[in-house]
Structure formats: C-alpha cells, structure tokens
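Everything on this sheet refers to the single structure shown next.
First listed ligand is number 1; within each ligand, the first listed atom is number 1.
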Amino acid sequence: MKILKLSITAAIVSSALLLSACDSQQQNNLSVKQSTVTKQALTEADAVSFLAATEPKLIQLFLESSRAEWIYSNFITEDTASLSADINEKLTVEMIELATAAAKFDKVQLSADNRRKLDKLKLALTLPAPKDAAKTAEMAKIVADLGGTYGKGKYCKTDGTCMSLGEMSSVMATSRDYNEQLEMWQGWREISKPMRPMYQRLIELTNEGAKELGYADTGAMWRSKYDMPADDFAAELDRVWGQVKPLYDSLHCHVRAKLSEKYGADKVPLDKPIPAHLLGNMWAQSWGNIYDLVAPADADPGYDVTELLAKHNYDEVKMVKGAEGFFTSLGFAALPETFYQRSLFTKPADRDVECHASAWDLDAKDDLRIKMCIQRTGEEFSVIHHELGHNFYQRAYKDQPVYYQESANDGFHEAIGDTIALSVTPDYLKQIGLLDTVPDESKDLGLLMKMAMDKVAFIPFGLMVDQWRWQVFSGKIKPENYNDAWWQLREKYQGVTAPVARTETDFDPGAKYHVPGNVPYTRYFLAHILQFQFHKALCDIAGSEEAVHRCSIYNSKEAGAKLNQMLEMGSSQPWQEALAVVTGKPEMDATALLDYFAPLQTYLDEQNKGQQCGW
Ligand code: X8Z
Ligand code: ZN
C-alpha cells in the first residue's frame, strides 16, 4: 500500500515534482498508457513510451502521497487518517494498474534497462491490494488505522497518568529494577491488542492482491525484490546468519551470565532464554543500554556519549548539525535551510505524532526532512546519523529516472547512516570537541563490547521479524497462533523469552512499529551486515592504518567520493554491482563484521569458559 519511492513505506516516503495543476497532462499520460497496453503485438518502442508516460504520473502521485503521509504522521487525527487512507487508496489503485500494464511486456524482447524499469514498477507496492475497489478502500483504511493506533499508543496506569513510548523507553534503558522494567514492557504491549483483527484482515486482503499480480503471497513478493530468485535470497539470509551466529551465541552467553548475577539465577536461569525486558530496550533488539552491566573490567573507555552531549550543551538541533557535519566533511553538500524549517525534531506536547524516526524526501529535488522525537542521548545521536544517511542517499539519486530513485536494495538505504556512525570513534569525538582525551588501546575492548551490544545483538531480531511475517503471509502461521509463533521465533533466533505468560489475546508483534507500519524488516538485517563491509572498504579508501574499529573516515574526501558514486546509482543496477563499487566484491559477507569484533570474540571465549551456553 505504501511504497518507498518506487517502493514507498511509512519509514521513508519520497516523491517528486509538483504538478498539481496538470490535469490535461495527466489525461495524456493515461491515454498513452491505455493505448500502449491494448495494442496487439507490443514492441520495445511501446515499452519506452509507456515508461516515459508513466514517469510524470508517478512523480505526481508520490508527491501527493508524501504530503498526506507527512501531515498524517505529524498530526494524527480522524481527519488526517481519512485523508491518508484516501490518497493511499488512490495510489494503490494506480500502482496496481501500472504493475498490470507493465506485466503485459513480460514476453517482449527488451533492453536490460527497460526490463529493469518495468520490473521495478511491477514490484513497487509493499502491500498490493485486490482489484476489487471496495477491498482496496477497506485495506487503505486498515493501513491508516493500524499506523494511527501505534502512533497514538500510550500506557495509562490505574492512577490515570499516562506514559509515551519515549518515556517508557527511557525507563527501559536506565532502570535496573526488574519489576519496573516489567511494568513498562507489559504496559506498552497493551496498545497492540486491538490491532489483531485489523492485521488479520489486512493479511487476507494483501495476499489476494499479491495473487492477482502472480505471486504466491505478499511475502513471496517481498522476497522477489533482490535481483536474485526469491528462494535464493532467503537462503542467502540463512547463510549470512550462519556466519554471525557463533559470535551472537557467545555474546548471549556472556550477557545472560551477567544478568543472572545482577537479578539472580531464579529470574535469569543460566540454561534458558533471557527474559526480554532486561536488555535495556523495549523489544530487546539492541542491548547497548545495559552495557554497564557487562563492561569488561579495566577496559571501560570511561566516557558516555549521553553525558558528553549534556556537558557540551547539545540540544536537538545541535545534535542534527553535528551529524550533518560528518556528511559535509566527506564532501556532501550541506542540507538545505528548508530541512531545518520543516523537519520535526522534538515531540510536540499538544498533539499525537508518529515518533518513530523517519527520513523524507518530498519532491526528489531538495525538500528533505526528518521526523523524530529526539532524546538527548548517545543512542539517539546514532539514530540521527542513520536518518541523515537516508536523506543524503535520497539526494544523491534524485537525478535518476523515477524508477531508480531508490537504494540498491532496501538494506543499503538502512546501512548508509549506520556506516557513518561506525566512524563516530573516540578520536572523532575529540576532533569535534566532545571528548577531551582519547582512551588508549587498552580500552578498545569496552568500545567493542558496547558496539556489539548494539549491533551484534540486533542481528537475529533483524532476521526474525520477517521470518514471522513471511510465514503469516504464507499461511504457515495462522491467526490463532500469531502471538505464540512470534515468541517461538524470538526464542529460536534471539534466545529471549516473554517475561510473563502471553496468550492469543495479546498481539505482541503489533507493539513493534514496523508491523502495524508495514515496513519490511529484513532491510535492517542486511544493513547490519553491509555497514561493516562499507566501513572496512571506506577505511581502506581513506588510507586508514588503524584497526578497523578505531578507524574514522571523517574528512576523507576520497571515501566520500566513492560512497557518493554508489549512492548516485540509486537502484539503476543490481545491488551486487553497487556493493562492488565500494567494496570491490559483489557478495554480502559477514567476514568484515567478524573481523571487526575479533578481539571481542577472543575475550568472550575466555569469559564463557566453563559456562553452559545456549538455551
Ligand atoms: O526503524 C529504524 C529507523 C528508521 S528506518 C529508526 N530502525 C530499526 C528499528 O528501530 O527497529 C533502525 C534500526 C532498526
Ligand atoms: Zn532507516
């Protein structure tokens, strides 16, 4: 339903030229399209004119849709929900029509470029809808309602006081009180219970749409977007996860032992999955917030970015300017003034907004924005880099044809800002005046541990979300097992468990933004592998002689130029080729990640000696 550029999602919406008063032009476009696809024997010339006529139509639709989505997620009310549903419905109808028209060229001999553009069009929708107009409208309403339910979600206690997700997340990050964390964990999961029937119906509807487009189900369509056969892509994920799993298992073992020391073996048994509320994060997806519980003795770097930001009076805008400064140091042009005028940086007190961070490109020119309820923490400083990575990518590919105004694959979009954040080293923090003294190498282990708690811990979560969704789409997971299956996968991949009994009146997947938001999640798994490949390659290009975990590409115009070369390509080439532009190799490979964390792996092996690991 929502597509990102050519596959808009709620996370990053982008569009292009303002053509609001071009009714006649739109009619022309449509008539070209209709005459093109009803001809008897289609030729490449027909494809070329179809693609040319479709382009301005898409640009217009994307702009309209982005505006409505921007307003809805900045101001969640019944009215904006209704307007968002209306435009989504219109966009979906049009995209289904275009995908169907594009499929008419399936048997026509075409250049690789024209074939690629048509394929992009066929795969553009994240949530295809059935052709039946009433069903499309029903689906659009569900999509808006699910998003709104999440965005408005808060936890209200019996005394009448309510907490936002941001407030609850702060408690999860800083509290070391078992019951207090549990209250937050349980409280937030109340918001998603009402989503279940909506979600169930959404799956039925979108699968019907996917089948009409020739896919087995919507999950099969999602897996078809990676320049390789869908089954090969799924196998590729398993292969890469197999590379990382031993490191994850070591980290899990060590963290569980430390949590068991902290909370007691009755609460954290040494042979069982870890209770999911003790890891410093609402979803146990990244664990950096409990770094203090696992910090290696004598190797703690002795600083904390949250404290440094406070000490140097960094407010939200200063945090964003700081992150922007990294990109400009690489040679990227500064963000436009409108970015600062139009972005949302702080949570408004007087209305409901979707606080989950996102980056937007409204017009494929220069109307870039982020929307984020920034908290003044080191964690959020990283998220700002993440979001700006989206914006700089969007600007880099803006001159591509609309079909290619996208990242090489969705994992690339998620990896760019994170790649930059890997260069936020102590040395860099000193250069920008946040840190006085760079800790010596004896403290590297602490830095690596902190990074692993964020990045390595995330990887199985990044995989399991869509393992759940794919099986929901395929029907292997039935509605009566939605929650149970979620927890089975959480246990299988992450080795975490629900801290209290769950039932099928709960809908815990819905408490994670990307499920009601319908944002595919495999992208983050990919990004967590790719960012280490990019970082290593860019450090080489920058001529760094440091260990890779100490390298910062700050100020390297060479690294910036190479990165930009890849970003500018958009999705015009298979992602393997884009990857090769920066890394020299067309394969996704976790070796760069494993090399980065090699000293930590040695430490963990030592620490885990005699422990019974696994769950
Ligand atoms: O959703 C995001 C970004 C926006 S694309 C803030 N991330 C995932 C999440 O929060 O679950 C970044 C890492 C994973
Ligand atoms: Zn992102």
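Glu387 lies apart from the Zn ion (ligand 2) in this respect, since none of its N, O or S atoms is found at a distance under 2.8 Å. Residue contact annotation: His413 places no N/O/S atom under 2.8 Å from the Zn ion (ligand 2).
Defined by atom type and a distance below 3.5 Å, a donor-acceptor pair is present between the side-chain atoms of Ser170 and Gln375. Side-chain atoms of His277 and Gln186 form no donor-acceptor pair, as typed in the model, at a separation below 3.5 Å. Between the side chains of Gln467 and Lys492, not a single donor N or O lies within less than 3.5 Å of an accepting N or O. Under the 3.5 Å distance criterion, with hydrogens and angles disregarded, no donor-acceptor pair is assigned to the side chains of Asp361 and Gln405.
Close approach of ligand 1 to Gln285 (heavy-atom distance below 4.0 Å) involves ligand atoms 9 (C), 10 (O), 11 (O). Counting atoms of ligand 1 from 1 in the listed order, those under 4.0 Å from a heavy atom of His356 are 1 (O), 2 (C), 3 (C), 4 (C), 6 (C), 10 (O). Atoms of ligand 1 found under 4.0 Å from any heavy atom of Glu414, numbered from 1 in the order shown, are 5 (S). For ligand 1, the atoms sitting less than 4.0 Å from at least one non-hydrogen atom of His390 are 5 (S), numbered in the order shown with element in parentheses.
Among Trp283, Tyr521, Tyr524, the residue whose heavy atom lies closest to atom 11 (O) of ligand 1 is Tyr521.
Each of Tyr482, Trp188, Trp486, Trp487 was scored for a side-chain hydrogen bond (donor to acceptor under 3.5 Å, both in side chains) with Asp508, with one residue passing: Trp487.
Nearest N, O or S atom of Glu414 to the Zn ion (ligand 2): atom OE1.
The shell of residues lying under 4.0 angstrom from ligand 1, judged by heavy atoms, excludes Ser358. At least one heavy atom of His514 sits closer than 4.0 Å to an atom of ligand 1.
Remark: at the Zn ion (ligand 2), atom NE2 from His386 and atom NE2 from His390 enclose 100°, rounded to the nearest 10 degrees.
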Inset, instruction - Using the salt bridge (Lys or Arg N to Asp or Glu O under 4.0 Å) rule, take Asp366 and Arg395 through it: C-alpha gap first, then chi angles, then the decisive distance, then the call. - result: CA-CA 7 Å; Asp366 219 23; Arg395 188 158 64 179; 3.3 Å; yes
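Proximity of Phe458 to ligand 1, defined as any heavy-atom pair under 4.0 Å, is confined to the side chain (atoms from C-beta onward).
For Glu387, no nitrogen or oxygen atom sits less than 3.5 Å from a nitrogen or oxygen atom of ligand 1, counting backbone and side chain alike. At least one N or O atom of Lys512 sits closer than 3.5 Å to an N or O atom of ligand 1.
In this structure, the ring-ring contact (aromatic ring centres under 6.0 Å, His included) partners of Phe532, at least two apart in sequence or on a different chain, are Tyr596, Phe597. In this structure, the side chain to side chain contact (heavy atoms under 4.5 Å, CB included) partners of Ser169, at least two apart in sequence or on a different chain, are Leu165.
Under a cutoff of 6.0 Å and an axis angle of 45°, Arg189 and Trp185 form a cation-pi pair.
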